Amino acid sequence: MVVEEGSRMWSCPLKQKQCEESLYKAYSDGIREALDQFKYNFVITDPFLMDHPIVYASEGFSKMTGYSRGEVLGRNSRFLQGPDTDRRSVLEIREAIRREKSCQVSILNYKKDGTSFCNFFHLAPVFSKDEGRVIHFIGVQTPVQKCSRLCTSTAVENDIRKQHEPSASANINVNASNHLIYFGSCRRELCRDFSGDLGHIRLHNSFTEDDHKGRVEKHACEAQESDKQNALAAISCVMSELAHFSKYTGKTVSDTRCDSADRVRVSPISSSSLTIALSRIQQSFVLVDPYLPDMPIVHASDSFLHLTGYSRDEVLGKNCRILQGQDTNQEDISKIRQSIEAEQPCTVRILNYRKDGNPFWNLLHTAPVRNASGKVAFYVGVQLDVTGVEDNHSDKGMTSQMKQLGAVGAVRVAVRSLLGAGPSR
């Protein structure tokens, strides 16, 4: 299904809704119009949505890449990568996201038509002052001059550099065995500086020929200091606008983390990398923190919200008893409590209630989730709607159990690998 909205085209109405909510929950209604005034090339992404998608793209970004806004909103920015994109630069960006830090990297990206361009990329986190966690990332792109060279031996390179140093602004590499010239500068400079007769040595275009074994083509994207300052100014302007419009929603944002005492009560999981990993688990589940008063929910999956009808803001910080009702069996609740005290898993078939008051039978599996040091960090509760399913359906029961155990395993892996030894309480 495709939905058109002005000049935007959405492949999925759900993604459209999620992108809109991502901005309008944190900022007031005029935020898009305010951001549209900037001429910078930038995007805003949401690490809490599936696959960390773009939720806003500037007009400058669209012109620079050739993609329309509808083609990029709801997608991860990896579509800009290509065969010659330096994976080390990609890993550097990923690490900055994991650590919730700013970073500046020069990276080879690709436009919609397939042409490559050198991009000086500046990433900056946007923190919620109240919760102390990242809610968005700003990514500013600045095209810079692209250079390319083929690596050969250092001895030959130095020898040729000495021969041509007076007349050339570029480094030249010659392979004596096949009489090729390789350039370590931009193609426009080469065509200008070396368009004369090269005698028996033929010109090698490293951008089009790739059949020469033993030589590695490298792209050097060198940003000038002015490029870096322009990117920094863009981040500052966009951040200022986000901070201004966030005040009207009561959810003020900042470019630095604010470690207030209240933020732990609201959302102890401040690591966006952990939240991203948890968001990829396609099962209805919640995480609760046993070290906080009343064991509140600190993470709720999208499937849980769909199952219960609650929004994320309505469940975070609340105890799971919000699902209980007048006909909920207290013996089942006692079983869950006893298993938590014993730090053991538990499975019960319990009558719960959705936000609209409608009851449903919930096959609930709870289990402790330990951190890297072996201490219980959270408890996970995996829900499965089994309304109308008889208890003696063993095949269905086995499938349900496998799904729940799989979800628990995925949560444990995420917590152990991304949370480390914390929280230490």
Side-chain angles (χ1 to χ4, degrees), residues 35-45 47 52-67 69 71-72 75-126 134 136-149 169-171 183-190 206-207 216-242 255-256:
L35 295 176
D36 285 345
Q37 303 302 312
F38 292 124
K39 303 300 182 183
Y40 305 119
N41 313 321
F42 71 97
V43 295
I44 296 176
T45 63
H52 196 162
I54 296 171
V55 296
Y56 175 85
S58 70
E59 185 65 25
F61 176 85
S62 296
K63 291 180 179 178
M64 178 187 70
T65 62
Y67 290 96
R69 286 182 173 178
E71 291 175 310
V72 302
R75 297 176 64 186
N76 185 282
S77 299
R78 72 174 66 91
F79 63 84
L80 293 176
Q81 299 173 22
D84 291 328
T85 300
D86 189 351
R87 300 304 158 191
R88 291 171 298 181
S89 299
V90 175
L91 291 176
E92 187 174 346
I93 296 171
R94 289 179 181 173
E95 179 64 13
I97 292 173
R98 188 187 71 82
R99 298 178 59 191
E100 300 174 353
K101 301 289 187 181
S102 296
C103 78
Q104 291 183 331
V105 297
S106 294
I107 184 170
L108 190 72
N109 282 152
Y110 290 78
K111 300 180 181 180
K112 182 180 179 180
D113 62 9
T115 59
S116 61
F117 69 99
C118 252
N119 176 16
F120 178 69
F121 180 68
H122 187 133
L123 177 79
V126 180
V134 170
H136 289 123
F137 281 94
I138 304 171
V140 173
Q141 296 83 13
T142 304
V144 296
Q145 196 174 36
K146 179 174 69 176
C147 303
S148 181
R149 68 176 182 271
S169 61
N171 295 331
F183 300 106
S185 185
C186 298
R187 180 165 46 177
R188 290 190 299 271
E189 294 181 8
L190 297 175
S206 62
F207 286 82
V216 179
E217 182 179 357
K218 291 187 177 181
H219 296 277
C221 303
E222 299 181 4
Q224 303 297 320
E225 186 61 31
S226 59
D227 297 323
K228 298 178 181 180
Q229 292 302 319
N230 289 338
L232 192 60
I235 290 289
S236 178
C237 289
V238 174
M239 184 70 72
S240 177
E241 210 67 21
L242 295 180
D255 59 350
T256 56

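Note that the structure is predicted; figures quoted are calculated from it, not measured. Computed from heavy atoms alone, side chains included, the values below leave out hydrogens, waters and symmetry copies.
For the atom pair OG1 (Thr85) and OH (Tyr110), the distance works out to 5.0 Å, reported to the nearest 0.5 Å. Taking CG from Leu108 and CG from Leu80, the interatomic distance works out to 11.0 Å, rounded to the nearest 0.5 Å. Atom CZ of Phe137 sits about 11.5 Å away from atom OG of Ser77, to the nearest 0.5 Å.
Legend: residues meeting side chain to side chain donor-acceptor pair (under 3.5 Å) with Gln104, ordered by chain and number and at least two apart, are His122. Looking at residues two or more places apart in sequence or on another chain, you find a salt bridge (charged side-chain N to carboxylate O under 4.0 Å, His left out) between Arg78 and Asp51. Every side chain to side chain contact (heavy atoms under 4.5 Å, CB included) that Ser62 has, sequence neighbours left out, goes to Arg69. For Glu92, the side chain to side chain contact (heavy atoms under 4.5 Å, CB included) partners two or more places apart in sequence, or in a different chain, are Val105. For Glu95, the side chain to side chain donor-acceptor pair (under 3.5 Å) partners are Arg98, not counting sequence neighbours. Checked against side chain to side chain contact (heavy atoms under 4.5 Å, CB included), Lys101 has the following partners two or more places apart in sequence or in another chain: Arg99. Remark: Thr45 engages His52 in a side chain to side chain donor-acceptor pair (under 3.5 Å) (not counting sequence neighbours). For Asp255, there are no salt bridge (charged side-chain N to carboxylate O under 4.0 Å, His left out) partners at least two apart in sequence or on another chain. With sequence neighbours left out, Lys111 forms a side chain to side chain donor-acceptor pair (under 3.5 Å) with no residue at all. In this structure, the ring-ring contact (aromatic ring centres under 6.0 Å, His included) partners of Tyr40, at least two apart in sequence or on a different chain, are Phe38. Applying the side chain to side chain contact (heavy atoms under 4.5 Å, CB included) rule to Met64 yields the partners Asn41, Phe61, Phe117, Gln141, Pro143; only residues at least two apart in sequence or on another chain are considered.
Residues Ile54 and Val72 approach most closely at CB-O, 3.7 Å, considering heavy atoms. Residues Ser102 and Ala124 approach most closely at OG-CA, 3.8 Å, considering heavy atoms.
Test Ile138, Ile97, Ile235 against Leu123 for side chain to side chain contact (heavy atoms under 4.5 Å, CB included) and you get one pass: Ile97.
Judged purely by atom type and a 3.5 angstrom limit, Asn119 uses its side chain to pair as donor or acceptor with the backbone of Thr142.
Taking 4.5 Å as the limit, some side-chain heavy atom of Val238 sits within range of a side-chain heavy atom of Leu35.
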>> Please determine whether side-chain contact (heavy atoms from CB on, under 4.5 Å) holds for the pair Glu59 and Asp36, giving the CA-CA distance in whole Å, both sets of side-chain angles, and the decisive distance to 0.1 Å.
In response: CA-CA 7 Å; Glu59 185 65 25; Asp36 285 345; over 6 Å; no
Please report, to 0.1 Å, the donor-acceptor pairs under 3.5 Å made by any side chain of residues 226-233, with sequence neighbours excluded.
residue, atom, partner, partner atom, Å
Asp227, OD2, Gln224, N, 2.9
Gln229, NE2, Glu225, OE2, 3.0
Asn230, ND2, Ser226, O, 3.2

